[in-house]
Amino acid sequence: MSKIRFQALAQTLNRKPVKVVEDSRRSDLFGENVFNESTMRQYLTKDAFEGVMNAIDHGTKIDRKIADQVSSAMKEWALSKGVTHYTHWFQPLTGATAEKHDAFFETIGGGMAIEKFGGSQLVQQEPDASSFPNGGIRNTFEARGYTAWDPTSPAFIYGTTLSIPTIFVSYTGEALDNKTPLLRALQAVDSAATAVCKYFDKNVKKVTSSLGWEQEYFLIDKALADSRPDITLTGRTLLGHSSAKGQQLDDHYFGSIPSRALNFMRDLETECMLLGIPVKTRHNEVAPNQFELAPIYEESNLAVDHNSLLMDLMGKIASRHHFKVLLHEKPFSGINGSGKHNNWSLSTNTGVNLLAPGKTPMSNLQFLTFFINTIKAVNDYEELLRAVIASASNDHRLGANEAPPAIISVFIGAQLTKVLAELEGVTNGKLSPQEKTDLKLNVVGKIPDVLLDNTDRNRTSPFAFTGNKFEFRAVGSTANCAKPMKVLNTIVAKQLKEFKIEVDALIKTKDLKKDEAIFNVLREYIKASKKILFEGNGYGSAWEKEAKKRGLSNNKTTPEALKAKISKKSIALFEEMNVMSEIETRARYEIEMEEYIMRIQIEARVLGDIAGNHVVPTAVRYQNLLIKNVTGLKDIFGKDFEKLAGDQIQLIKQISAHIEAIHTKIDKMINARKKANKIENVETKAEAYCFKVKPYFDEIRYHCDKLELMVDDSLWPLTKYRELLFSR
Ligand code: ADP
Ligand code: MG
């Protein structure tokens with residue numbers, strides 16, 4: 001056995017669980033390291049507190065005097081907790097999060113020093129931004145970027161650093177991060193939804209979008225993961241024969257959480273508590289060594305920050321427990337991949353969840369309004385919704401019969417399907433008193449206020465209504481949720497804006513009553529959104545055919561899917577809703593295409609290296625052993641040797657054939673890469689990587705995996721699937 005594989009296995013076998021001490025109640029720890037409302041109350045003057053709260057609730061500007069007070073209070077609080085540095089924490093367009101630490105420490109002359117952190121350092125920073133992706137924005141504009149404080153997400157202490165959530169924009173105002181457009185989308189959905197809410201309740205002042213994510217991940221022993229160059233460099237295995245036992249028994253899903261993993265989770269959860277991330281659920285997932293973690297849902301911007309922070313935190317805590325967390329959407333072939341369901345809803349400042357049925361016909365009409373508008377929004381922008389979850393890694397999952405397909409559709413359950421069918425029959429124009437009563441009593445009056453238990457959970461749907469929220473399930477496990485949340489909230493905002501215009505027009509021109517007008521518009525929306533509703537099996541090939549007939553998009557790969565981001569329709573949408581300018585939209589497209597190219601390029605290089613330098617030489621070594629043995633047999637038994645050595649000769653030939661195939665295919669792959677690299681246009685280049693380079697991955701893998709089965713286990717250099725997946 002190779003030394004690396006042997007040492008990795010030996011280390012794993014000797015692992016002792018890392019002790020975790022939990023001596024406080026979780027509710028006592030919650031938010032301990034967050035500069036949250038209660039901390040602010042304690043540390044801020046009344047003026048400063050109100051200034052910040054106004055900024056959070058109403059988006060008002062914080063003036064310099066207040067900023068100075070807040071920063072000095074933050075510093076005092078942070079120093080009391082042993083903090084030495086501060087950072088503006090932001091989410092660049094690739095990678096997870098970025099931070100640059102500065103010490104509070106400053107010299108003041110005369111050999112003296114103080115801890116300093118003023119309002120200006122809190123509000124704005126100018127990190128050297130030249131190495132962050134900008135999709136051409138900064139080539140045409142200024143070379144600098146700046147970060148600016150986002151008071152809607154509280155500062156927190158991470159290690160010995162005070163982290164201040166910020167946006168990251170260019171000097172000319174273009175967003176260079178994921179947070180800025182998300183905040184704009186949340187603003188858009190707030191104003192559009194609030195305006196629609198006024199039909200039902202004049203007291204509604206604000207509508208908030210909520211997100212509850214469910215993070216799936218694999219936990220692999222660190223020594224084993226480190227022993228595989230593919231996992232280390234690409235986050236997934238590029239080869240490896242499937243283990244004799246996989247997930248077919250489903251015993252992991254129902255089983256108890258293994259103790260080493262449980263210790264990791266407890267440690268992680270404690271850290272989450274301190275950081276105010278309200279994690280609540282943990283359980284095993286379908287695949288061996290796969291788990292899920294979910295919090296209680298929060299306001300979307302905060303939830304996005306918390307998920308980004310969590311992904312970072314997971315890696316750090318895992319190494320304390322000698323684990324490596326794999327967030328990749330498909331770390332192992334033949335084993336379920338990981339996603340990140342985005343549970344989404346809208347709620348009012350008066351405490352009403354707009355996606356939950358109410359107790360009165362009127363509140364149910366409000367529910368149906370938001371419910372149907374969401375369906376219509378998804379119907380009209382399904383291709384954009386697919387685009388926003390596209391990535392090289394998520395391509396492995398979508399359409400691979402385990403995760404939602406690459407076709408976006410909406411599942412609503414039998415009961416609501418019936419309700420929509422009835423609404424579709426509403427009279428065009430004025431309703432008769434009889435019809436109004438009927439609708440009131442039998443349709444909107446009949447929606448049970450607890451749909452939760454009634455919605456049969458169609459697990460194959462990429463976008464499902466689950467009782468009081470929509471669940472966007474096609475999101476990948478590595479995704480920054482800001483992206484799907486940006487698109488979802490924007491398309492719903494746009495839809496609600498249209499709705500308001502149409503209803504108002506009917507009231508005005510056709511002299512309809514408010515609820516008559518609403519019924520009329522909803523009826524048309526139901527008719528117009530039929531193609532997106534699908535209750536059947538999303539994994540089946542029948543659905544692919546049917547979806548095609550309906551005219552739904554089915555973009556299976558990232559280069560195909562991303563195009564919808566820069567369609568005229570998408571650019572116009574983002575501009576109209578003030579979420580992104582055309583420049584910002586195009587920049588993101590470029591960056592994602594480039595990222596796709598780089599990921600496939602790296603995978604191609606790593607695969608070429610492992611197949612050529614690890615697998616082939618090992619196969620040759622084993623083949624030499626066989627050859628030695630065969631010649632030995634010949635020496636002893638003379639011409640009779642063939643009877644004895646027939647199988648081995650066969651094996652020698654097979655090994656030769658596989659080695660030959662690997663060499664040829666690696667050469668071809670390298671040539672395809674060379675050709676692709678010469679292409680200037682980012683789109684054509686991405687397509688070349690997708691359709692000309694990537695297909696060799698499976699072919700090369702096939703021969704390597706065959707060799708894994710033939711070669712003496714003790715010679716095999718790479719840690720095997722059974723070791724990666726079943727070591728505890
Ligand atoms: P599942 O059966 O899919 O695991 P759960 O009920 O456990 O569903 O919820 C999953 C996630 O959905 C959690 O993060 C939860 O907080 C969140 N969630 C529940 N209700 C809402 C809501 N109204 N809006 C947004 N997210 C919600
Ligand atoms: Mg779920």
Side-chain angles (χ1 to χ4, degrees), residues 26 30 182 185-186 189-190 193 197 206-217 253-254 257 265 268-269 272-273 276-286 290-311 314 336 338-358 363 366-367 370-371 373-374 378 402-404 410-413 416 447 449-475 477 479 481-482 484-486 488-489 492 538:
R26 290 201 171 173
F30 189 71
L182 172 69
L186 295 174
V189 84
D190 173 15
C197 281
K206 189 179 165 76
V207 171
T208 308
S209 151
S210 303
L211 164 66
W213 39 263
E214 301 166 56
Q215 179 74 52
E216 291 182 334
Y217 62 97
Y253 196 50
F254 299 113
I257 299 175
M265 289 176 189
L268 176 64
E269 285 163 2
C272 284
M273 284 299 121
I277 308 173
V279 291
K280 185 158 171 78
T281 318
R282 61 179 178 215
H283 60 80
N284 291 353
E285 264 303 324
V286 178
Q290 190 189 27
F291 305 94
E292 183 187 290
L293 177 73
I296 298 168
Y297 66 95
E298 301 175 280
E299 184 279 320
S300 291
N301 176 41
L302 188 58
V304 165
D305 282 358
H306 279 166
N307 182 249
S308 298
L309 187 54
L310 174 95
M311 290 196 284
M314 285 174 103
N336 267 17
S338 302
K340 179 152 56 197
H341 295 179
N342 277 206
N343 295 271
W344 170 86
S345 65
L346 294 173
S347 56
T348 66
N349 63 310
T350 53
V352 175
N353 176 356
L354 296 167
L355 288 169
S363 60
Q366 173 170 281
F367 156 68
F370 283 90
F371 177 67
N373 271 288
T374 304
V378 176
E402 62 172 72
V410 180
F411 169 87
I412 59 171
L416 287 164
I447 303 171
D449 59 354
V450 193
L451 272 172
L452 285 173
D453 304 326
N454 298 316
T455 45
D456 34 330
R457 297 273 175 120
N458 183 333
R459 287 284 161 194
T460 68
S461 176
F463 200 90
F465 183 70
T466 45
N468 60 358
K469 60 186 194 287
F470 278 99
E471 194 167 332
F472 190 13
R473 297 194 185 123
V475 184
S477 46
C481 299
M485 283 300 108
K486 169 185 73 185
L488 185 55
N489 286 294
V492 171

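These numbers come from a predicted model, not from an experiment. The first residue of the sequence shown is numbered 1, and numbering continues consecutively from there. One-based numbering, in listed order, for ligands and for the atoms of each.
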Part of Lys280 within contact of ligand 1 (heavy atoms, under 4.0 Å): neither

Under 4.0 Å from a heavy atom of [X]: give me the atoms of ligand 1 that qualify, with their elements.
X      : answer
Asn353 : 23 (N)
Ile296 : 16 (O)
Asn468 : 23 (N)
Gly212 : 14 (O), 26 (N)

Option of least heavy-atom distance to atom 22 (C) of ligand 1 (set: Ala356, Ser300, Ser345, Pro295): Ser345

Out of Arg459, Lys469, Gln215, His341, the nearest non-hydrogen contact to atom 5 (P) of ligand 1 is supplied by Lys469

Return yes or no for this condition: an N or O of [X] is under 3.5 Å from an N or O of ligand 1.
X      : answer
Glu214 : yes
Leu211 : no
Asn343 : yes

Answer with yes or no whether Thr281 contacts ligand 1, where contact means a heavy atom under 4.0 Å from a ligand atom. no

When you measure from the heavy atoms of Glu471 to every atom of ligand 1, does any distance fall below 4.0 Å? yes

